[in-house]
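Note sheet for the following structure.
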There are 2 protein chains.
Amino acid sequence: MANMKQIAKIAGVSLGTVSHVLNKSAPVRENLRKRVMDAVDAVGYQPSQLARGLRLDKTNMIGMIIPDVTNPFFPAVVRGAEDVAFANGYRLILCNTDNDHSKEIVHLNELRTFLPSGLIVIPSNFSDLTAQAESYRKSGTAVVCVDRLPKGWEGDTVTADNEKGAYEATSYVLRQGHRLLAMVMGPRHLTNAQDRLAGFKRALHEKKIPIGPEYIQEASFDQHGGYAKTMLLLRMIPRPTVIFAANDMIAFGALLAFREAGLHCPEDISLIGFDNLQFAEMTSPPLSSVSQPGFQMGTTAAQILIDRVRGDDGPAKHLILETALKIRDSVAPPSAISAQKSPSSRRGKLSK
Amino acid sequence: MANMKQIAKIAGVSLGTVSHVLNKSAPVRENLRKRVMDAVDAVGYQPSQLARGLRLDKTNMIGMIIPDVTNPFFPAVVRGAEDVAFANGYRLILCNTDNDHSKEIVHLNELRTFLPSGLIVIPSNFSDLTAQAESYRKSGTAVVCVDRLPKGWEGDTVTADNEKGAYEATSYVLRQGHRLLAMVMGPRHLTNAQDRLAGFKRALHEKKIPIGPEYIQEASFDQHGGYAKTMLLLRMIPRPTVIFAANDMIAFGALLAFREAGLHCPEDISLIGFDNLQFAEMTSPPLSSVSQPGFQMGTTAAQILIDRVRGDDGPAKHLILETALKIRDSVAPPSAISAQKSPSSRRGKLSK
DNA sequence: GGCTTTAGATGAAAGCTTTCAAATAGAAGC
DNA sequence: GCTTCTATTTGAAAGCTTTCATCTAAAGCC
């Protein structure tokens, strides 16, 4: 591959001049400039990002650390980030942690040696990011945290309005007449799971609807967790008339559980999810869900990052993006249930 | 960040010795080795990948170029690749092309300047990869092509057995008694689309079932394409009794079209997909589909790449991974259709 | 004990860029 | 035409690693 030295030779100028032309770091007379550019075009020269990074103490790379690309919510975030990164000349190094904070640490340590301009992180469980980010920032690398926050985090964040989204979803099922709600929440130590729970509770509280702690089940944010905990909930007496799944994967698991229990949704039991994955509209029944702007979370995070790289050193930013309730067919008024299937004994409890 | 010079100073040895200890590139007496390692541990030294890459003319990065992470089939491939890459000390730079070959070229040109060890590419439409890869290989960078092949490609490949998978799916619907088949194929210029079409045709040919060209519709590999072309097929007379969708996204589009046309699947019309996406089991009805080992395609590609980097210079490898037919509920015998809904006039044509 | 051999350790160079101090060329002024 | 600036241009150094030719010191041999 061609290097600047060769360009300099072809153009008959010094190394420094080539650099100045390329970076506009000093005025260069037009004729020289042209000779340099011609040489660049002639050999298709492209500067070595490695040498550049080494010299500048910073590369055009952005480390993107996420739990798992295979989890359907994350690709949109990644894509959003890649889009604005790419548009601004940055490239993404993708790292999966599997939510394992020791794997996260490995990535964090290794990424440092690439001198990335910044890091976009969806923290793992029990993430140690706060401490690590400190040292990153010291060396001038921006870190922005997306979707959920590690303990003690005070830096830039981009999250969805989980609390409000959950509140609205819950209010919606309440308006549909449900009074016996259950939630399959995400892992308690995850801030987004906490916020969704908080929104759920606020809506209930506001309408003075009591809920027993056994109607709030914790599960991992996946189909398996959703299935298992829904099974549990279905056996409770009285059985809840609606389940709020803390994300769509959990909701899909719930749907599986419904199917296995011989319950029809929404006739026998209603369900509402969170994330509004692409497939929510394809399920049976189409799943009502709180839409979360994954792509936009990615673009926003990347944009903040790039602003930081370019010198913005204002106070920490905390962007909270709006959610939107997508109503489909998985929630029906509970009256339908009682009318159709519930034993009257349960109806009594329901109406209380 | 600490560098080797500091380690050398702390350990009281020369720069070269530190390097030899770290890389085991020369024997070093135990006491010195220990002093070096202690110093390394003390400051938490990690070698600069940039300087290393610059010196070695090769980094531990692998460029992964795909159409779009947001397309549900690709994350598994990415994840598979990342897993074995990571396990072997390599890192992935993720690039989305949106199937735009000019964007692909930009990535290809830029990635070069990182001196990656290799490239794993799912080529874009009309990809120029063949020419570019030539020049990459000249500079010692391995390139392996996944899922589909660009024109004239002769290097390493990892693909699914698209032809056989499609053949088996088609044979299956044939065994179910269908005689009036239609296919919504993928873009004709994509090798995987071609292969799936070929398998489809082979199965028909083998059973001597004729098919009019209008029953084979070309669509982009997405929901929108599937929807539009299915709508077209539904209007044909006679109407096909089963649609083979060249991938699950197309199948989801078809399902949407069915719904809109007021047709029930599989009672009124059967459907079979390809990819066996995670969500195929959640659709209504659960979608029968040809399972493609996306994750394994990723791991295999990365493994081949790493073997190449480590010196394997044997002839080009062409790995073809097995597919498996996942039978769910979207295909039923056509008799049910005729019995239930078809006007008798159509039944006559069907039986021909 | 003196000399050869060899294992081990060292310092410098190279890989490619940016930047800074220093040098040069051209222009302006008289 | 010569001096003094100013506007450009230049060459070298630095950033961090690996590697190679050299050098040192210890071991082996007679």
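Throughout, a chain's letter reflects where its sequence line sits, starting with A, and its residues are numbered from 1. Note that the structure is a prediction, hence the values are computed from the model and not measured.
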Whole-Å distance separating the [atom1] atom of [X] from the [atom2] atom of [N]:
X: Lys5(A); N: dT10(D); atom1: NZ; atom2: P; result: 16 Å
X: Met4(A); N: dT10(D); atom1: CE; atom2: P; result: 12 Å
X: Leu15(A); N: dC16(C); atom1: CG; atom2: P; result: 11 Å
X: Phe114(A); N: dG15(D); atom1: CZ; atom2: P; result: 21 Å

Open item on the list: Consider side-chain contact (heavy atoms from CB on, under 4.5 Å). Of Ile120(B), Leu305(B), Val121(B), which one does Val143(B) pass it with?
Closed with: Val121(B)
Open item on the list: Under 4.0 Å, heavy atom to any atom of DNA chain D: which of residues 32-51 of chain A qualify?
Closed with: Leu32(A), Ala51(A)
- [ ] Given side-chain contact (heavy atoms from CB on, under 4.5 Å), test Arg112(B) with Gln132(B) step by step and report yes or no.
- [x] CA-CA 10 Å; Arg112(B) 211 187 298 269; Gln132(B) 294 260 353; 2.8 Å; yes
Would you say [X] reaches [N]'s phosphate, i.e. side-chain N/O to OP1/OP2 under 4.0 Å?
X: Ser19(B); N: dT17(D); result: no
X: Arg52(A); N: dC16(C); result: no
X: Asn3(A); N: dG15(C); result: no
X: Thr17(A); N: dT9(D); result: no

TODO: Tell me, please, whether Phe295(A) has Arg79(A) positioned over its six-membered ring: NZ or CZ under 6.0 Å from the ring centre and within 45 degrees of its axis?
DONE: no
TODO: Indicate yes or no: at least one non-hydrogen side-chain atom of Gln6(A) is less than 4.5 angstrom from one of Val43(A).
DONE: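 No, too far: nothing below the 4.5 Å cut-off.
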Please produce a list of atom pairs where a protein N or O lies less than 3.5 Å from an N or O of nucleotides 20-28 of chain C.
none

Task: Proximal nucleotide (of dA9(C), dG15(D), dT19(C)) relative to the Leu56(A) side chain - done: dT19(C)
Task: Residues which pass side-chain hydrogen bond (donor to acceptor under 3.5 Å, both in side chains) with Thr141(B), listed by chain and number, not counting sequence neighbours - done: none
